[in-house]
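To keep things clear, I will list the structure first and then write my remarks on it.
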Number of protein chains: 6
Amino acid sequence: MEVCVCCGSASRALAEEVCGLLGSELGDVELARFPDGEIDLRIRNTVRGRDVYIIQSTEPPVNEHLVELLVMIDAFRRASAGRITAIVPYYGYSRQDRKSAPREPITAKLVANLLTVAGANRVISLDLHAPAIQGFFDIWMDHLTAVPLLARALADRKRSDSVIVSPDTGRVKEAERYARMLSTPLVVMHKQRLGPVQVESRTVVGDVRGKYPIIIDDMISTGATIHECATALVNQGARQHILVAATHGLLVSDALALLSMPAIREVLVTNTVSLPPDKAIPKLTVLSVAPLLAEAITAIHADRSISYLLAE
Amino acid sequence: MEVCVCCGSASRALAEEVCGLLGSELGDVELARFPDGEIDLRIRNTVRGRDVYIIQSTEPPVNEHLVELLVMIDAFRRASAGRITAIVPYYGYSRQDRKSAPREPITAKLVANLLTVAGANRVISLDLHAPAIQGFFDIWMDHLTAVPLLARALADRKRSDSVIVSPDTGRVKEAERYARMLSTPLVVMHKQRLGPVQVESRTVVGDVRGKYPIIIDDMISTGATIHECATALVNQGARQHILVAATHGLLVSDALALLSMPAIREVLVTNTVSLPPDKAIPKLTVLSVAPLLAEAITAIHADRSISYLLAE
Amino acid sequence: MEVCVCCGSASRALAEEVCGLLGSELGDVELARFPDGEIDLRIRNTVRGRDVYIIQSTEPPVNEHLVELLVMIDAFRRASAGRITAIVPYYGYSRQDRKSAPREPITAKLVANLLTVAGANRVISLDLHAPAIQGFFDIWMDHLTAVPLLARALADRKRSDSVIVSPDTGRVKEAERYARMLSTPLVVMHKQRLGPVQVESRTVVGDVRGKYPIIIDDMISTGATIHECATALVNQGARQHILVAATHGLLVSDALALLSMPAIREVLVTNTVSLPPDKAIPKLTVLSVAPLLAEAITAIHADRSISYLLAE
Amino acid sequence: MEVCVCCGSASRALAEEVCGLLGSELGDVELARFPDGEIDLRIRNTVRGRDVYIIQSTEPPVNEHLVELLVMIDAFRRASAGRITAIVPYYGYSRQDRKSAPREPITAKLVANLLTVAGANRVISLDLHAPAIQGFFDIWMDHLTAVPLLARALADRKRSDSVIVSPDTGRVKEAERYARMLSTPLVVMHKQRLGPVQVESRTVVGDVRGKYPIIIDDMISTGATIHECATALVNQGARQHILVAATHGLLVSDALALLSMPAIREVLVTNTVSLPPDKAIPKLTVLSVAPLLAEAITAIHADRSISYLLAE
Amino acid sequence: MEVCVCCGSASRALAEEVCGLLGSELGDVELARFPDGEIDLRIRNTVRGRDVYIIQSTEPPVNEHLVELLVMIDAFRRASAGRITAIVPYYGYSRQDRKSAPREPITAKLVANLLTVAGANRVISLDLHAPAIQGFFDIWMDHLTAVPLLARALADRKRSDSVIVSPDTGRVKEAERYARMLSTPLVVMHKQRLGPVQVESRTVVGDVRGKYPIIIDDMISTGATIHECATALVNQGARQHILVAATHGLLVSDALALLSMPAIREVLVTNTVSLPPDKAIPKLTVLSVAPLLAEAITAIHADRSISYLLAE
Amino acid sequence: MEVCVCCGSASRALAEEVCGLLGSELGDVELARFPDGEIDLRIRNTVRGRDVYIIQSTEPPVNEHLVELLVMIDAFRRASAGRITAIVPYYGYSRQDRKSAPREPITAKLVANLLTVAGANRVISLDLHAPAIQGFFDIWMDHLTAVPLLARALADRKRSDSVIVSPDTGRVKEAERYARMLSTPLVVMHKQRLGPVQVESRTVVGDVRGKYPIIIDDMISTGATIHECATALVNQGARQHILVAATHGLLVSDALALLSMPAIREVLVTNTVSLPPDKAIPKLTVLSVAPLLAEAITAIHADRSISYLLAE
């Protein structure tokens, strides 16, 4: 089986970088829109029996990118592709991984079902908001991680009195992982309502006085959580020299404005989500996951182990 | 099982009209967006064991409306709804019902698979572009038609020397149905390339000289086909008094401008696709399919025959 | 994977011709009947891991041939064949592709489901009555066409004033395809009821006076439609020199008698349906699809493109 | 849910008898053939939400009757029947319940898969050749038995020195059941090859000298087995007064001639397989399973136990 | 549909308590073992069309209880039960909810698949180790919680300077829930390796000096985690008056010995896991979830909302 | 695809013997238990794309071994094994192949469904209690037999006046197979109740006076059946020199004591079920199926025929 790497409209730059590393050309897929907005897709080269990798983050606009990915999988399947791997560097809807209130959807599972019924044979993603999403799939699923990549970058920047900060109670496990890699203490923030009339406020559990906080998260969406945490940390006596690291930099709404607070010195993200040029502010450092994906493709195609790339 | 009718964001006005006819209240579904564009859905009332009807056309923006519908089905299913019927008055992607070139998707089938895997128990649609789409479903599928509704309106407007015009070779069967209902002759248009250097032009098969043409179609998208047909008909000597009738009025791009040509006197569509106020031009007449849907819901819920509502 | 081509009882001659072209031997399948009519099947050679192609038209007696095909697929699957392709040159029940009246089956979809559950990995067919039948399958489906083959034969026979005739409103799209290939005008016939007491009669849309008609269809079943069309064309002044072309020559009931009318000069069909010697009348020309199938098998086995063989 | 009992062409007489017992009318199904032999089916009354029972033995011609049943199920499903029970009094292909040689199909399982994918919710059959066929289904399956019915008839006819004879090694378990019900000894016949050049002959295990044999079987197909057994029994000294009892009387080929041997005094079968008038010879007694089926339908519809009707 | 509540061998006492509250009798299921250890099951009363609830925790021995549950579901399904709800108060293997190392199974998902294929229509569980397990199911899944029950009991016991302690980084979210219900501060423990040669030790994040700790967890297995936490808390200056609360009290290995340390004053669990009499030590308080399950059954059967019983 | 043979805890000795014959190493699977009895599994080497064979009899404790097998399949599937074959030399629950009484499970089918949903691509078993279990699978299933192996050993031991004895009416077909291979007569035993107050006793059908009986069976569980048969045979005048042969030697409960009766001279079984050293009594001869399995693995991996290894 020959390899064929192609991409949807969300991840073209990343896919080109991956192809560059693999020394192969990006598959020729014509991806346009009909006047009414319907996806107009045609694969231009034969893909019979090929080992196809479709790179497409389901980043905003998530529904457009998701349906595009599904339509691509359908087209490759009907064109008799030998095996179809959907590489979804950022898995949209991953926060809807459970019913957090009655009668909610579990959209992360719905997406898994949609990818499966469309005809994907394997799904690859990075740093899922909830690792249990792996189990949402009965097709092959490889859950890679960019945490070592980010941790290596943080190792260059950390100080002796840095502390890893989990911005809420849902990220503590990941924060612990960073703390181990960097051999730093751990601090946990959580929201607390201190009395019947008071609004919830973010509380710090652990000691941050005089410390250099490194706030970690899996994704930065609106930046509001990071901003609140940074403010609370400073209020608790932390140094006004905060690093932020997250795999997925969505940076929607006022994210850039919120991250511009002086106490935040640098924000590290990866290119799982594409960054438009106007968002490329100086304090934002973007690490590339292309080498990681290129390695994964090479190893999977050759049936070699990728365990060293997998998230815990 | 109690009935519960609700809707997505595409078909709220239609759903409210249906509920008015049924004398019931629209189900309380909270449908919002998270800051990153992900659908934020919650059903506010219990739906355990209910007979749920979700009205949502997958009209433009088709991908947004489609995913919204899928997420709603997922939420209702996980909320233990007794039976879920997706009423999709306009079925987006219905023109992608086959591979018209190699390595194209069959998106109309993909959509059928997505609705099924999301958990719909039944799908209802109107005047599908290809009736064989019924067979894309193994769940219950009822294919209703607004053709009698449109034909009744045309019967009031037709003249003794009206002719029914099929705008291309794919609509002839439907045109024949109108011709029978209205007892008028049939004319077929098709695209022809008359020589190696000539562009394709629309040819009229049949006699239109001095006739009052009624162009019928299943949907009006950009209006370009209608406009070309009207021009060709007039060129062939038809009277400059043309009626147009179609179930689905998408009216995207320059549709309104193209339909404004004086030879077109009136355009009849239904409200399967919602019409924003700025598109409500005087020559456009919108018939409501709400009574049709209300009847279908009542009959299906009561296990009564709906054969008189079905498309042939 | 080695190739193994075999056949059911419907298509032995065609399969032998295909094997001749491929330079391979027909797979050894013992296909008999028990005294009570049950199919008694045994595959005589090992087929573990083979790339199996079963050629079997579901021509009359359709149910016998269909069940035979299903039983063969089951046997090959349980014998651990590597991949099973059902080549169904004529796909029986293809006219039951939709409910044309309430409470009808959609037998063409049922057949697709039966082939799938029996264990076929791929289905190949030619000139399906409704192209949307492709979408009835979620397994691989290749829809080939003999139209270019027939069109090439017609090109040798056509005159400057030939016209392509669609015998009813359901074939206009295919007629248009022939008209383009042969650069001839198009004429459409349809049934019309001219008044409340009159029976339906076949009406000609378009000009046929003095023309040489070429009636095209996907299949000739009883020949009644062709006979009616030929009669109507002659009545409308067409020349009594009519050619007929169709992919599938079922020729059941009185077909040969009806086609014997002198105005019909020649009838071209292919060997997708086997022609018993007693039906081989002089005016009937049978073109072979064996080269088409041999090419498809060779290309599919080698994972090469077959897009040039596909129906539009 | 209202009950609706209908039938295919194999079991009309039986279905009418069942409806007579239920005091209901047979469902109105139009079942014809197109000129090319394809099944032309239409259900004439609404069946939305009905509890449908389709009675159809897959007796010879088995493939015709099987496809007819599948098409009926498809039509009822698409017509929104509430629940579909296929009552298959005689289950064709039940002897193909295993691979008795390499690369054979397991057609009895294929049939189970076909019934399931067509849309049956429940299957009812009688005295399956292999009881394990129950497990071929994951849909509801009720395996009824006519053995008590036959045993009651035999009880009236048996003598003090009757013996139950199993005609081969595959029926011993059933023979033992009869032997218990009738309190008679058991005799087993089997085929044995006594030397390298001798043909297989049927050997009697057990004592039959001077006994009145009652040969039991699940079905009588060509009658050859029964004839051989009767001959061997007489040769071994049994009385020339043999009774034969079997649930399913297929009676194909020369069955009537073979059963006409004088030593066979009476043959008891049931009407699971329809008996054409010309096969109604005097020594053949046909018991009706209609009361059994009527009881099963009544009980299943009312969610009452049918355990007393079930085969062991 | 009548309700039928029955149980496997793991949860008989709980099921009897539930039936007492419902005023109904426990379904009559004969559950024994063949001499070789195979499960010998027979349902003694008819269950056709019943709304069946099978209560069975998959507590140790987990594999025995799991297979027992699967066999029961199979038997009820084949006995034509109308709807089958598996109530699994303690869901064994729930900690295998992801691959925490390469080439591990995701046994919690496997169990979901097994329950589904066996024929369950709905699964109910309490306080799943990972809430995302809900999404492992595409059948109906209701995730109930005993946290309010435990929190109410803790409210009676808490002091003004109590703190909620999460024993590791995976439980912080649940700990936060308790902290909100009880309006207490939160403390997080996590394992840390302080240097290259040091072993991992449990570190306290947050202030516990002079506080009354309440350690919460979803389950107590060997008690080792609780024992380590209690020791670390005391070492950090917490008061030697510790409460422990967990939904599932497995109490395997030396659990009772480890919990006997004097600093632990009381351990609250529920009866989701059955407690043998010899484990009923004085400091162990067992709260009953029977009222919760009885309410759930009543509401589900009557299609009433159970949202107030659901876990977040 | 490289071969990888591994095993569960039931069949380690057999798997090692198979690997010895194949000249390959046993796959490195870490199979332990958590303190609460949950299976703790990890595959230590990469298995991406490997052709994996898992050898695991579901012998007692059957539920433990079954779940272990399912968890292994899940782990291999999620680790991207290329193809997974479950070799189940002894298939537990094979006697639950039908409902022998109402409302029983069909556990043998449930097991087939569980293996399939866990992700097995192929199942291999030996001498299934009911050959129809093959049809319980829609995945590949190879049903091997050790009967020729046992028959060859018996051929060395048989005498001119040996008789093959079927211990009950369910094994007669297999007994006939042995009788043919060994050219000996056949005797059938069955249970009979001779009067209303008498208990059932085992009756001999056929002549055993002065004969050397060879009792054959598919498995020896408690030995009670064999013991009763031996006793009855001696009572009927058979020689006190009885051989016993069965593929599967479960030997539970008092089996060894019952088999120790002097009339039984030798008991032949195979190692499909592992024999603990304390059960290795002198009169027990254990034949190895390892060569059979090694051949099957070699042939299947190379896509060569294994028809000579298959059960009839």
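Reminder, nothing fancy here: chain letters follow the sequence lines and each chain counts from 1.
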Quiz prompt | Interface moiety of F:T46 toward chain E, non-hydrogen atoms closer than 4.5 Å | solution = both
Exercise. Examine whether an atom of F:R44 lies under 4.5 Å from a heavy atom of chain E, and if so say whether it belongs to the side chain, the backbone or both; otherwise answer neither.
Key: backbone
Quiz item: Between E:R103 and F:A79, what is the shortest heavy-atom contact and its length?
Solution: CG-CB, 3.5 Å
Self-check item: Shortest non-hydrogen separation from E:L41 to F:P105 and the atoms involved
Solution: O-CD, 3.4 Å
Quiz item: Heavy-atom distance under 4.5 Å to chain E: side chain of F:Q96, backbone, both or neither?
Solution: side chain
Quiz prompt | 4.5 Å side-chain heavy-atom contact, E:V62 and F:F34 | solution = no
Practice problem: With a 4.5 Å cut-off on heavy-atom pairs, point out which of E:V29, E:T58, E:V47, E:V67 contacts chain F the most. | Solution: E:V67
Practice problem: Look at E:V111, E:L70, E:L251 and state which one has the largest set of heavy-atom pairs under 4.5 Å with chain F. | Solution: E:L70
Quiz prompt | F:I39 versus chain E, the contacting section by heavy-atom distance below 4.5 Å | solution = both
Quiz prompt | Shortest non-hydrogen contact between F:E38 and E:Y90, atoms and distance | solution = OE2-OH, 3.9 Å
Quiz item: So do F:M219 and E:D36 actually touch side chain to side chain, heavy atoms under 4.5 Å?
Solution: no
Quiz prompt | Within 6.0 Å of CZ in E:R83, more than 12 heavy atoms from elsewhere | solution = yes
Quiz item: chain F: which of E:T222, E:L110, E:N113 shares the most heavy-atom pairs with it under 4.5 Å?
Solution: E:L110
Practice problem: Could you have a look at F:D74, F:V117, F:I73, F:T107 and say which one has the most heavy-atom pairs with chain E under 4.5 angstrom? | Solution: F:D74
Practice problem: May I ask you to check whether over 12 heavy atoms, not counting those of F:R33, lie within 6.0 Å of atom CZ? | Solution: yes
Quiz item: For F:D40, is it the side chain, the backbone, both or neither that has a heavy atom under 4.5 Å from a heavy atom of chain E?
Solution: neither
Quiz item: Who among F:A224, F:P35, F:G37 has the most heavy-atom pairs with chain E under 4.5 Å?
Solution: F:P35
Quiz prompt | Minimal non-hydrogen separation, F:R78 against E:I106, with atom names | solution = CD-CG1, 3.5 Å
Practice problem: Give the minimum heavy-atom separation between F:E64 and E:N63, together with the two atoms involved. | Solution: OE1-ND2, 2.7 Å
Quiz prompt | Between E:I43, E:V71, E:T116, E:L66, the one whose heavy-atom pairs under 4.5 Å with chain F are most numerous | solution = E:I43
Quiz item: Which bit of F:R48 comes within less than 4.5 Å of chain E, counting heavy atoms only: side chain, backbone, both or neither?
Solution: neither
Quiz item: If every non-hydrogen atom of F:E104 is compared with every non-hydrogen atom of E:A75, which pair is closest and at what distance?
Solution: C-CB, 4.0 Å
Quiz item: In Å, rounded to the nearest 0.5 Å, how long is the span from CG of F:L115 to CG of E:L114?
Solution: 9.5 Å
Practice problem: Side chain from CB out, backbone as N, CA, C, O: work out which of these in F:L250 comes under 4.5 Å of a heavy atom of chain E, or both, or neither. | Solution: side chain
Self-check item: Residue among F:A118, F:A255, F:P102, F:A81 with most heavy-atom pairs under 4.5 Å to chain E
Solution: F:P102
Practice problem: Measure distances from F:F76 to the heavy atoms of chain E and classify the residue's part below 4.5 Å as side chain, backbone, both or neither. | Solution: neither
